[in-house]
Engineer: 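Here's a structure for you.
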Amino acid sequence: MRYELVIFDNDGVLVDSEPISNTVLAGYLTELGHPTSYEESLRDYMGAAIHRVHDLVEERTGQKLPADFDEELHRRTLSAFQQERLAAVDGVNDLLGELVADGVAYCVASSGSHQKIAAGHLNTGLDQWFEEEWIFSSEDVGQGKPAPDLFLHAADRMGIAPERCVVIEDSPLGVEAARAAGMDVYGFTSMMPADRLVGVTGHFSDMSQLPKLLG
């Protein structure tokens, strides 16, 4: 493989959580008086750190979200994970097994909180593949995606130069962040149309296609 480190986004790439998370977010924003459809949530917030929700709502309405918004959103999302039978993305376990067998380093760099990442991995059995020190959250850096900070932080902590890393993403914001970090990025198109993932090194729609792309 021509890369020394594979950096995975989490939601939608490893854990099939985007439909649940965005349904919860859209419903909660609507309840608070900021009507948001599921499709609008995907468009505006998929792949983003939670501060983007605050920023866009205030920019559009001039109103701030409640002080306990983050805490309540986390509570609702984790509850939904339990109720909706969260699953790993098809093919992810086989892919991670191949990386282990080939001795390729990998990690997670997610806009989600450490608590959300841990819950998703525990509920899907993906926790067996990840040591704690291989998991990075937007909580660890000053700015989340689309800033490059999170990916650069992950590469630094894993001891690999950015140009030797590849990012696996499914959102425009994540692709933008990877490109800003100077990394190749492959776009997973299970939920996001390929034409929305501008600037990727390549696209794929099934995890079984990824090893060949990574070379």
Side-chain angles (χ1 to χ4, degrees), residues 1-21 46-50 74 77-82 84-141 144-145 147-162 164-171 173-175 177-178 181 183-188 190-191 204 206-211 213-214:
M1 186 176 292
R2 63 184 182 273
Y3 302 104
E4 295 179 23
L5 177 65
V6 181
I7 304 177
F8 291 98
D9 176 44
N10 190 62
D11 295 296
V13 171
L14 296 176
V15 180
D16 190 16
S17 52
E18 290 289 11
I20 298 173
S21 296
M46 183 172 163
I50 199 166
H74 279 303
T77 302
L78 297 183
S79 176
F81 282 179
Q82 293 286 347
E84 300 293 333
R85 302 179 70 175
L86 194 64
V89 169
D90 287 345
V92 158
N93 282 288
D94 290 340
L95 173 63
L96 293 172
E98 287 188 45
L99 294 179
V100 170
D102 292 340
V104 178
Y106 59 88
C107 66
V108 173
S110 172
S111 293
S113 67
H114 279 286
Q115 183 184 16
K116 183 182 178 185
I117 299 167
H121 287 192
L122 183 63
N123 288 343
T124 59
L126 288 175
D127 56 317
Q128 66 178 309
W129 297 108
F130 292 93
E131 302 292 340
E132 185 176 349
E133 58 267 28
W134 302 348
I135 298 175
F136 307 99
S137 161
S138 61
E139 293 178 322
D140 304 330
V141 295
K145 305 169 189 178
D149 304 35
L150 179 56
F151 290 136
L152 292 173
H153 172 70
D156 180 65
R157 291 292 299 273
M158 296 293 290
I160 306 295
R164 300 300 304 154
C165 299
V166 61
V167 175
I168 313 302
E169 265 288 353
D170 69 336
S171 74
L173 294 174
V175 170
M183 300 175 182
D184 283 356
V185 53
Y186 285 89
F188 184 41
S190 65
M191 288 192 62
F204 67 104
D206 189 288
M207 284 294 163
S208 65
Q209 300 168 335
L210 189 54
L213 291 174
L214 298 183

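Residue numbers start at 1 and run along the sequence shown.
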Engineer: Restricting to non-hydrogen atoms, name the atom on Pro162 and the atom on Leu152 that form the minimum distance, rounded to 0.1 Å.
Structural biologist: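 In terms of heavy atoms, the two residues are closest at CG-CD2, 3.8 Å.
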Engineer: Do side-chain atoms of Arg164 reach the backbone of Met183 as a donor and acceptor pair under 3.5 angstrom?
Structural biologist: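 No: the side chain of Arg164 does not pair with the backbone of Met183.
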Engineer: Which pair of non-hydrogen atoms, one from Val185 and one from Glu169, has the smallest distance, and what is that distance?
Structural biologist: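 Scanning both residues, the minimum pair turns out to be CG2-CB, 4.0 Å.
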Engineer: Below 4.5 Å, heavy atoms only, C-beta onward: do Gln128 and Leu96 meet side chain to side chain?
Structural biologist: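 Gln128 does not reach Leu96 side chain to side chain.
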Engineer: What are the two closest non-hydrogen atoms of Ile20 and Ala80, and how far apart are they?
Structural biologist: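 Nearest pair, atom of Ile20 first, then Ala80: CG2-CB, 3.5 Å.
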Engineer: Please report the closest heavy-atom contact between Gly144 and Ser138, naming both atoms and the distance.
Structural biologist: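 Looking at all heavy atoms of both residues, the closest pair is CA-CB, 4.3 Å.
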Engineer: Using the side chain to side chain contact (heavy atoms under 4.5 Å, CB included) rule, take Phe188 and Asp9 through it: C-alpha gap first, then chi angles, then the decisive distance, then the call.
Structural biologist: CA-CA 10 Å; Phe188 184 41; Asp9 176 44; over 6 Å; no
Engineer: CG/Leu5 to CG/Leu99 distance, rounded to the nearest 0.5 angstrom?
Structural biologist: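 If we round to the nearest 0.5 Å, Leu5:CG and Leu99:CG are 10.0 Å apart.
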Engineer: Give the C-alpha distance, both sets of side-chain angles, the deciding distance and a yes or no for side chain to side chain contact (heavy atoms under 4.5 Å, CB included) between Asn93 and Leu126.
Structural biologist: CA-CA 8 Å; Asn93 282 288; Leu126 288 175; 3.8 Å; yes
Engineer: Rounded to the nearest 0.5 Å, how far apart are CG of Asp11 and CG of Leu86?
Structural biologist: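 Interatomic distance, Asp11 CG to Leu86 CG, rounded to 0.5 Å: 8.5 Å.
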Engineer: Hey, are the side chains of Asp94 and Met207 touching, using non-hydrogen atoms and a 4.5 Å cut-off?
Structural biologist: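 Contact flag for Asp94/Met207 side chains = no.
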Engineer: Between OG1 of Thr124 and CH2 of Trp129, what distance do you get to the nearest 0.5 Å?
Structural biologist: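 If I round to the nearest 0.5 Å, the distance is 12.0 Å.
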Engineer: Quick check on Glu132: does its CD atom have over 12 non-hydrogen neighbours (other residues, nucleotides or ligands) under 6.0 Å away?
Structural biologist: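 No, because the 6.0 Å sphere around CD of Glu132 holds 12 heavy atoms or fewer from other groups.
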Engineer: For a quick test of reading the model, state the closest non-hydrogen atom pair linking Val89 to Gly12 and the distance between them.
Structural biologist: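 Taking Val89 first and Gly12 second, the nearest heavy atoms are CG2-O, 3.8 Å.
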Engineer: Let me confirm one number: the CZ-OG distance from Phe81 to Ser17, rounded to the nearest 0.5 Å.
Structural biologist: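 If we round to the nearest 0.5 Å, Phe81:CZ and Ser17:OG are 4.5 Å apart.
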Engineer: Is a side-chain N or O of Glu18 found less than 3.5 angstrom from the main chain of Met46, in a donor-acceptor match?
Structural biologist: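 Pair absent, no side-chain N/O of Glu18 close to backbone of Met46.
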Engineer: From Asn10 CG over to His121 NE2, what is the distance, rounded to the nearest 0.5 angstrom?
Structural biologist: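 Nearest 0.5 Å value for the CG-NE2 distance: 3.5 Å.
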Engineer: Between Ile117 and Ser137, does the side chain to side chain contact (heavy atoms under 4.5 Å, CB included) criterion hold? Intermediate values first, please.
Structural biologist: CA-CA 8 Å; Ile117 299 167; Ser137 161; 4.1 Å; yes
Engineer: List the steps and the verdict of side chain to side chain contact (heavy atoms under 4.5 Å, CB included) for Lys116 and Ser21.
Structural biologist: CA-CA 10 Å; Lys116 183 182 178 185; Ser21 296; 3.3 Å; yes
Engineer: Please name the pair of heavy atoms, one in Ala48 and one in Leu173, separated by the smallest distance, quoted to 0.1 Å.
Structural biologist: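 Closest approach of Ala48 to Leu173, heavy atoms only: CB-CD1, 3.5 Å.
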Engineer: Would you mind reporting whether Phe151 and Lys145 have side-chain heavy atoms less than 4.5 Å apart?
Structural biologist: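 When only atoms from C-beta onward are counted, Phe151 and Lys145 do touch, with a gap below 4.5 Å.
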Engineer: Please determine which of Leu213, Ile7, Leu210 meets the side-chain contact (heavy atoms from CB on, under 4.5 Å) test together with Ile168.
Structural biologist: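 It is Leu210; the other options fail the test.
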Engineer: With the side chain counted from C-beta on, respond yes when Tyr3 and Val104 share a heavy-atom pair under 4.5 Å apart, and no when they do not.
Structural biologist: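 The answer is no; the side chains never approach within 4.5 Å.
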Engineer: Contact between Leu214 and Tyr186 at the side-chain level, heavy atoms closer than 4.5 Å - yes or no?
Structural biologist: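 In contact.
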Engineer: Does CZ in Arg2 sit with more than 12 non-hydrogen atoms of other residues, nucleotides or ligands closer than 6.0 Å?
Structural biologist: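 Above 12, so yes.
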Engineer: Taking side chain as C-beta onward, heavy atoms only, is Phe130 less than 4.5 Å from Leu14?
Structural biologist: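 Sidechains of Leu14 and Phe130: in contact.
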Engineer: Parallel under 30°, tilted from 30 to 60°, perpendicular over 60°: which one fits the rings of Phe8 and Tyr106?
Structural biologist: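 Correct class here is perpendicular.
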Engineer: Which distance, rounded to the nearest 0.5 Å, do you find between the CG of Asp206 and the OG of Ser190?
Structural biologist: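 With rounding to 0.5 Å, CG (Asp206) is 10.0 Å from OG (Ser190).
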